Chemist: 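Encoded as structure tokens, here's the structure I'll be asking about.
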Number of protein chains: 2
Amino acid sequence: MRLLIVEDEPNLGQQLKNALEGAGYAVDLATDGEEGLYLGSNEQYDAIILDLGLPEIDGLTVLDRWRKEGKSTPVLVLTARDSWSDKVAGLDAGADDYVAKPFQTEELIARLRALIRRSSGNASAELTAGDIRLDTRSGKVTKAGEPVKLTAQEYKLLSYLLHHKGKVVSRTELIDHIYDQDFDRDSNTIEVFVTRIRKKLGAEIITTIRGLGYSLDEPS
Amino acid sequence: MRLLIVEDEPNLGQQLKNALEGAGYAVDLATDGEEGLYLGSNEQYDAIILDLGLPEIDGLTVLDRWRKEGKSTPVLVLTARDSWSDKVAGLDAGADDYVAKPFQTEELIARLRALIRRSSGNASAELTAGDIRLDTRSGKVTKAGEPVKLTAQEYKLLSYLLHHKGKVVSRTELIDHIYDQDFDRDSNTIEVFVTRIRKKLGAEIITTIRGLGYSLDEPS
DNA sequence: CGCAACCTGACACCCGCCTGTCATGCCCGT
DNA sequence: ACGGGCATGACAGGCGGGTGTCAGGTTGCG
């Protein structure tokens with residue numbers, strides 16, 4: 001899962017980035033509205049964290065533009081506490097959730113998870129396929145009840161596939177969502193990690209669609 | 001906790017050693033009866049695993065000699081399955097427990113734990129002092145209910161002190177029981193690890209007895 | 001007061017795991 | 001059967017945590 005943070009206060013921004021990377025996300029950080037607008041329009045994010053108090057371009061304007069461009073990426077807005085007007089304006093502009101500053105990183109991460117879950121159409125914090133279960137809360141995976149140890153990247157890849165169960169996911173899409181901006185596109189890491197996941201969870205779990213990508217389906 | 005394995009079949013011996021080191025013991029391995037006899041007589045072990053089917057000197061003879069020397073180290077004997085005569089003879093010679101070959105490593109470790117626990121006069125698998133609990137089964141430690149992360153060596157040291165709660169334990173004794181044979185005696189690691197444990201569990205837990213060693217007491 | 005015992009922060013090494021790269025081999029579709 | 005796409009084993013660099021060493025400071029005893 002890949003995120004964008006748009007936050008002009010560098011300390012807070014970096015701190016957030018660290019926390020979210022620690023939670024297993026790939027994170028890009030934009031330090032002003034313009035950069036944020038550009039990245040949000042041109043890159044693929046699974047969610048965006050947007051601070052409203054930006055210099056240059058106002059956060060609301062940024063959000064508004066994205067929506068007008070047809071971007072439906074879920075957006076979580078950071079507002080000053082009790083700033084009711086922001087909240088209302090944000091709602092109108094198409095924000096999906098709010099967190100008031102100052103906030104607990106814990107809470108923000110929980111809401112993010114919920115946001116991404118909702119946007120991928122899943123109701124539960126558990127993603128499953130066959131006898132495989134992935135708990136997005138604890139970050140743990142089991143197969144037939146037995147815990148399976150996955151590394152960070154393996155987890156991200158599996159998690160993305162589960163969030164898009166049944167759909168075909170291209171290698172580029174996976175790279176876009178698992179890594180942040182600067183990553184060598186012509187690398188075969190995705191293939192390597194697919195192999196590693198198959199080795200741990202069984203080869204049948206991920207099917208290859210030649211020329212298109214991979215797909216994780218409910219076994220028949 | 002330091003163990004001696006006396007086992008002539010090299011594969012099995014090494015395998016056992018690995019398993020037991022994995023379980024957090026310091027392990028010496030003797031591959032014949034003579035070496036076993038010598039080590040068992042001259043080193044400090046918390047328990048000995050003795051295979052009866054030894055070349056040169058018979059296992060029973062070894063055990064018998066130790067007992068005659070007044071060694072009370074608990075001994076766990078490995079016997080061929082259903083070899084009832086071995087069992088009886090072993091009992092007479094002063095063995096403390098039996099495991100029939102082939103055995104589950106799991107079971108052997110469980111019996112070892114029980115053996116060591118009994119020999120140190122503790123009834124339970126939990127060692128405690130004040131609000132600190134150490135579960136020898138799971139290898140986990142808590143302080144006031146909160147889990148505390150200890151490294152392998154920290155755990156061994158704490159565990160040894162808890163097994164001898166209230167007694168003064170010298171630095172050499174600690175080295176003897178925590179490390180295996182070849183270890184630099186004039187090193188200050190013990191001091192270092194005492195410091196580290198104090199930092200994690202509170203300075204009051206281990207008291208220094210100047211010139212003699214350390215002692216872990218029930219707080220008053 | 002002076003010495004020895006002990007404490008403790010900093011450091012460097014080592015080791016295991018993770019991760020991306022590469023070379024090679026396989027397999028499928030044409 | 002051939003070519004491109006994919007699979008996979010092996011490998012090296014990096015990173016982080018654990019461990020032992022050391023130096024300098026502190027403490028307590030005679």
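These numbers were taken from a predicted model, which means no experiment stands behind them. Residue numbers begin at 1 in each chain, while the letters A, B, ... track the order of the sequences.
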Chemist: Is the closest side-chain heavy-atom distance between B/Thr195 and B/Ile197 below 4.5 Å?
Modeler: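 Not in contact.
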Chemist: Quickly work out the A/Leu174 CG to C/dT19 C1' distance and round it to whole Å.
Modeler: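 Checked: the CG to C1' distance equals 17 Å.
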Chemist: Has B/Gln44 got a side-chain atom pairing as donor or acceptor with B/His177's backbone, closer than 3.5 angstrom?
Modeler: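 No, because the side chain of B/Gln44 does not come within donor-acceptor range (under 3.5 Å) of the backbone of B/His177.
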Chemist: Using a 4.0 Å heavy-atom cut-off, does A/Tyr155 contact any base of the nucleic acid, only the sugar-phosphate backbone, or nothing at all?
Modeler: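 Touches nothing.
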Chemist: Report yes or no: do A/Glu69 and A/Ser41 form a side-chain donor-acceptor pair below 3.5 Å?
Modeler: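 Side-chain D/A pair, A/Glu69 to A/Ser41: present.
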Chemist: Nearest 0.5 angstrom please: A/Asp176 CG to A/Tyr45 OH, how far?
Modeler: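 Reported to 0.5 Å precision, the distance equals 9.5 Å.
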Chemist: Does the side chain of A/Lys199 get closer than 4.0 angstrom to OP1 or OP2 of D/dA7 through an N or O atom?
Modeler: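 No, outside the criterion.
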Chemist: Can you identify which nucleotide, out of C/dT19, D/dT8, C/dC6, has its nearest atom closest to the A/Val192 side chain?
Modeler: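 Of the candidates, D/dT8 comes closest.
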Chemist: Would you say a side-chain N or O of B/Ser187 is under 4.0 Å from OP1 or OP2 of D/dT21?
Modeler: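 For D/dT21, OP1 or OP2 has a side-chain N or O of B/Ser187 closer than 4.0 Å.
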Chemist: Need one value for B/Asp184: base, sugar-phosphate or nothing, where a base atom within 4.0 Å counts as base even if backbone is also close, heavy atoms only.
Modeler: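 The residue B/Asp184 makes sugar-phosphate contact but no base contact.
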Chemist: Quick check: do A/Val27 and A/Ile5 have side-chain heavy atoms less than 4.5 Å from each other?
Modeler: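 The answer is yes; the side chains approach within 4.5 Å.
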Chemist: Ignoring backbone atoms, establish whether A/Gln153 has a side-chain N or O less than 4.0 Å from OP1 or OP2 of C/dG20.
Modeler: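 A/Gln153 to C/dG20 OP1/OP2: side-chain N or O found under 4.0 Å.
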Chemist: Tell me: CG of A/Asn188 to P of D/dA10, nearest whole Å?
Modeler: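 Value for this atom pair: 16 Å.
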Chemist: Can you tell me the distance, in whole Å, between the OH atom of B/Tyr179 and the P atom of D/dT19?
Modeler: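 Checked: the OH to P distance equals 8 Å.
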Chemist: Go through D/dA7, C/dT21, C/dT19 for me and flag the one nearest to the A/Arg198 side chain.
Modeler: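 Among the listed nucleotides, the one closest to the side chain of A/Arg198 is D/dA7.
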Chemist: Using atom types as modelled and distance alone, determine if a side-chain donor or acceptor of B/Glu35 lies under 3.5 Å from a backbone N or O of B/Thr31.
Modeler: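 Between the backbone of B/Thr31 and the side chain of B/Glu35 there is a qualifying donor-acceptor contact (under 3.5 Å).
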Chemist: Is the phosphate of D/dA7 approached by A/Thr208 (side-chain N or O, under 4.0 Å from OP1 or OP2)?
Modeler: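 Answer is yes, contact under 4.0 Å.
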Chemist: At under 4.0 Å, does any side-chain N or O of B/Thr195 touch on OP1 or OP2 of C/dC7?
Modeler: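 Looking at the OP1 and OP2 atoms of C/dC7, neither is under 4.0 Å from any side-chain N or O of B/Thr195.
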Chemist: Calculate the interatomic distance between B/Glu191 atom CD and D/dG24 atom C1'; express it in whole Å.
Modeler: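 It works out to 14 Å between those atoms.
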Chemist: Could you state the CD1-P distance from B/Ile178 to D/dG20, rounded to the nearest angstrom?
Modeler: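 Rounded to whole Å, this separation is 10 Å.
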Chemist: Going by the side chain to side chain contact (heavy atoms under 4.5 Å, CB included) test, name the single residue among A/Val141, A/Asp135, A/Leu134, A/Thr136 that passes it with A/Ser138.
Modeler: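 Considering A/Val141, A/Asp135, A/Leu134, A/Thr136, a side chain to side chain contact (heavy atoms under 4.5 Å, CB included) with A/Ser138 is found only for A/Asp135.
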Chemist: Measure the shortest side-chain to side-chain distance between B/Leu174 and B/Val169 over non-hydrogen atoms and say whether it is less than 4.5 angstrom.
Modeler: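 Of all side-chain heavy-atom pairs linking B/Val169 with B/Leu174, at least one is under 4.5 Å.
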Chemist: Base, sugar-phosphate, or nothing for A/Arg196, non-hydrogen atoms under 4.0 angstrom?
Modeler: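 Answer is base: heavy atoms of A/Arg196 come under 4.0 Å of a base.
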Chemist: What integer distance in Å separates A/Glu204:CD from D/dA7:C1'?
Modeler: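 Roughly 16 Å, once rounded to whole Å.
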Chemist: If you look at every strand shown and take non-hydrogen atoms under 4.0 Å, does B/Val194 touch a base, only sugar-phosphate, or nothing?
Modeler: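 If one applies the 4.0 Å heavy-atom cut-off, B/Val194 turns out to touch nothing in the nucleic acid.
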Chemist: Atom CD1 of B/Ile206 to atom P of C/dA5: distance rounded to whole Å?
Modeler: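 Those two atoms, CD1 and P, are 20 Å apart.
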Chemist: Under 4.0 Å between a side-chain N/O of A/Thr151 and OP1 or OP2 of C/dT19, yes or no?
Modeler: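 It does, given that an N or O in the side chain of A/Thr151 lies less than 4.0 Å from OP1 or OP2 of C/dT19.
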Chemist: How many Å lie between CZ on A/Arg185 and C1' on C/dT21, as a whole number?
Modeler: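 Value for this atom pair: 18 Å.
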Chemist: Within the 4.0 Å limit for protein heavy atoms, which parts of nucleotides 24-30 of chain C are touched? Write it as a string from 5' to 3', B for base, S for sugar-phosphate only, - for none.
Modeler: ---BB--
Chemist: Nearest nucleotide by nearest heavy atom, which residue falls closer to the 5' end of DNA chain D, A/Leu212 or B/Asp186?
Modeler: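 The residue closer to the strand's 5' end, by nearest nucleotide, is A/Leu212.
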Chemist: Among C/dT21, D/dG20, C/dG20, which nucleotide has an atom closest to any side-chain atom of B/Phe193?
Modeler: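 The answer is D/dG20.
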